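All remarks here apply to the structure that follows.
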Amino acid sequence: MGSPHCTGIVGSALDKLKGIESKELLVTEKATIKYNPSILTAQKIKTQIKNAGYEPIEEEATDLEKEAREKEIKKWSGL
């Protein structure tokens, strides 16, 4: 998705799926897609992107709260 045209193609493909709550598609080849997991799976989203002619690369969402909790636990468990 290196151009507005490409993001438009992927965006149109995702619009056909029920369960997409929001999407942010960037020409920097990054996308943030929020979806309802009771309606749609990540695999279906990836398949739809592949069918549009693009290769999806999934990155885990960063849970900043979880990281802060784990850091705090490690800090206190050393006492």
Side-chain angles (χ1 to χ4, degrees):
M1 298 185 325
S3 71
H5 174 74
C6 296
T7 58
I9 291 171
V10 172
S12 294
L14 293 174
D15 286 340
K16 296 175 184 175
L17 296 174
K18 291 184 180 185
I20 299 281
E21 294 175 354
S22 68
K23 63 185 183 308
E24 181 183 11
L25 308 174
L26 305 172
V27 294
T28 58
E29 299 183 2
K30 298 258 183 198
T32 302
I33 303 168
K34 293 182 183 178
Y35 64 96
N36 184 334
S38 65
I39 298 172
L40 186 62
T41 65
Q43 186 57 47
K44 286 184 182 179
I45 294 170
K46 288 189 245 181
T47 299
Q48 189 75 352
I49 293 170
K50 278 186 174 187
N51 290 342
Y54 297 87
E55 189 62 36
I57 299 171
E58 185 176 0
E59 292 182 14
E60 289 293 320
T62 303
D63 187 343
L64 298 177
E65 277 187 44
K66 181 180 177 184
E67 287 178 5
R69 284 190 308 269
E70 289 173 353
K71 185 177 179 180
E72 190 72 13
I73 290 168
K74 285 180 184 178
K75 174 183 165 185
W76 290 103
S77 64
L79 292 175

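Model, not experiment: these values are computed from the prediction.
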Exercise. Of all heavy-atom pairs between Lys44 and Leu17, which one has the smallest distance, and what is that distance?
Worked result: O-CD1, 4.3 Å

Exercise. Ser12: what forms a side-chain hydrogen bond (donor to acceptor under 3.5 Å, both in side chains) with it, not counting sequence neighbours?
Worked result: none

Exercise. Mind checking what makes side chain to side chain contact (heavy atoms under 4.5 Å, CB included) contact with Glu24, not counting sequence neighbours?
Worked result: Leu26, Thr32

Problem set entry | From CD (Glu72) to OG (Ser77), nearest 0.5 Å | 10.0 Å

Exercise. With sequence neighbours excluded, what pairs up with Ile39 under the side chain to side chain contact (heavy atoms under 4.5 Å, CB included) test?
Worked result: Lys18, Asn36

For this session: Can you sort out the partners of Ile9 under side chain to side chain contact (heavy atoms under 4.5 Å, CB included), two or more places apart, ordered by chain and number?
Result: His5, Ala52, Tyr54

For this session: Could you tell me which non-hydrogen atom of Ile45 sits nearest to which non-hydrogen atom of Tyr35, and how far apart they are?
Result: CD1-CD2, 3.5 Å

Exercise. Considering only heavy atoms from C-beta outward, does the side chain of Lys30 approach that of Leu25 to under 4.5 Å?
Worked result: no

For this session: State, yes or no, whether a side-chain contact exists between Val27 and Cys6 at a heavy-atom distance under 4.5 Å.
Result: no

Exercise. Which atoms form the tightest heavy-atom contact between Leu40 and Gly19, and what is the distance?
Worked result: CD2-C, 4.1 Å

Seminar exercise, completed: Residues at least two apart in sequence or cross-chain that pass salt bridge (Lys or Arg N to Asp or Glu O under 4.0 Å) with Lys46, listed by chain then number, are Glu58

Exercise. Is the closest side-chain heavy-atom distance between Lys23 and Lys34 below 4.5 Å?
Worked result: no

Problem set entry | side chain to side chain contact (heavy atoms under 4.5 Å, CB included) partners of Glu55, counting only residues at least two apart | Lys50

